[in-house]
Amino acid sequence: MSLSANDKATVKALWAKIAPKAEDIGNEALSRMLYVYPQTKTYFSHWSDLTPGSAPVRKHGKKVVGGIGLAVEKIDDLFNGLLTLSELHAFQLRVDPANFRILSHNILVVLALLFPNDFTPEAHLAMDKFFARVALALSDKYR
Amino acid sequence: MVEWTDFERTTIQDIFSKMNYEVVGQQALARCLIVYPWTQRYFGNFGNLYNAAAIMGNPMVAAHGTVVLHGLDKAVKNMDNIKAAYAELSVLHSEKLHVDPDNFRLLGDCLTIVVAAQLGAGFTPEVQAAFQKFLAVVVSSLRRQYH
């Protein structure tokens, strides 16, 4: 399910629009992931506070959304563009790739609630495809 | 038996009591057909599903979206035994409609997103958790009679 030129344009346009709220998006998405899918908390047992909106969650949300911003930049070559992040996730973090889907879903939910008019069905389709490709790129070095 | 907290019960009843079934049903089903186009396989007789605009404007999609939401209503009214309430629907989806149960999750995800867009900030993590738990029980009940 590769990204068409139209998909890429849609993703870039939407991202440009929502970029000012990037930190909130990261915080909300991560908060929801940890709350609605408690099994994801297992990756963050070293944090002091895993409740929605806590300091470690907000800080990490910012990092994650920064990674997505990078992916948007490298949308024409995700596998090379995200090489470092892929190695990080493969050899150090070893996040089960099923969780990429879970986080993606939560990002989409947050986009829908923060930007109901911009998150059209077409934008939803493009972002869902984009996150699927990002997940694939991130898990590329896993085995 | 599924255990519901008071918050979960109230949240689900609240969401559905305030919901416009026609609007939400149409939007959720249309999104499912657009974002996950392979789900169109079940709607061969729905006419023009050629692109997003066609799907959004398709009256059969809108009508069927409403049917699906009224089906969910049955679960809302029988929260303490959705499994039993859905026995017939499960057989229908398995034996007659031959729907791959993975598609229930896809439609559920689209419904979550439509409800999120409707409720905005009111769709807190706690509300989301309650709503997704409800959908998970619905999906599990719908899958039960598949053999």
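The chains referred to below are lettered A, B, ... by the order of the sequence lines, with proteins before strands, and numbering in each begins at 1.
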Margin query: Would B:Leu107 and B:Leu111 count as a side-chain contact (heavy atoms from CB on, under 4.5 Å) here? Give the steps.
Written below: CA-CA 6 Å; B:Leu107 180 56; B:Leu111 183 58; 5.5 Å; no

Checklist line | Pair A:Leu85-A:Leu70, side-chain contact (heavy atoms from CB on, under 4.5 Å): steps then yes or no | finding: CA-CA 10 Å; A:Leu85 278 172; A:Leu70 175 69; 4.1 Å; yes

Note to self: Please classify the contact between A:Met1 and chain B as side chain, backbone, both or neither, with a heavy-atom cut-off of under 4.5 Å.
What the structure shows: side chain

Next item on the list: Start with the C-alpha distance between A:Phe115 and A:Ile25, add both sets of side-chain angles, then the distance that settles side-chain contact (heavy atoms from CB on, under 4.5 Å), and finish with yes or no.
Entry: CA-CA 11 Å; A:Phe115 304 95; A:Ile25 293 169; 3.9 Å; yes

Notebook entry, point to check: Under the 3.5 angstrom rule, does the side chain of B:Asp14 hit a backbone N or O of B:Thr10 as a donor-acceptor pair?
Noted result: no

Note to self: Can you tell me which of A:Leu111, A:Leu114, A:Val109 forms the most heavy-atom pairs within a distance under 4.5 Å of chain B?
What the structure shows: A:Val109

Margin query: Rounded at 0.5 Å granularity, tell me how far OH in B:Tyr42 sits from CG in B:Leu33.
Written below: 11.5 Å

Checklist line | Salt-bridge contact B:Asp80-B:Arg9 (side-chain N to carboxylate O under 4.0 Å) | finding: yes

Checklist line | Intermediate values then yes/no, side-chain contact (heavy atoms from CB on, under 4.5 Å), B:Phe104 and B:Leu135 | finding: CA-CA 9 Å; B:Phe104 302 147; B:Leu135 288 180; over 6 Å; no

Report the donor-acceptor contacts between chain B and chain A below 3.5 Å as a table, one pair per row.
| residue | atom | partner | partner atom | Å |
| --- | --- | --- | --- | --- |
| B:Arg31 | NH1 | A:Phe119 | O | 3.2 |
| B:Arg31 | NH1 | A:His124 | ND1 | 3.0 |
| B:Arg31 | NH2 | A:Phe119 | O | 2.7 |
| B:Phe123 | O | A:Arg32 | NH1 | 2.8 |
| B:Phe123 | O | A:Arg32 | NH2 | 2.7 |
| B:Gln128 | OE1 | A:Arg32 | NH1 | 2.8 |
| B:Gln128 | NE2 | A:Asn106 | OD1 | 2.9 |
| B:Gln132 | OE1 | A:His105 | NE2 | 2.9 |
| B:Gln132 | NE2 | A:Tyr37 | OH | 2.6 |

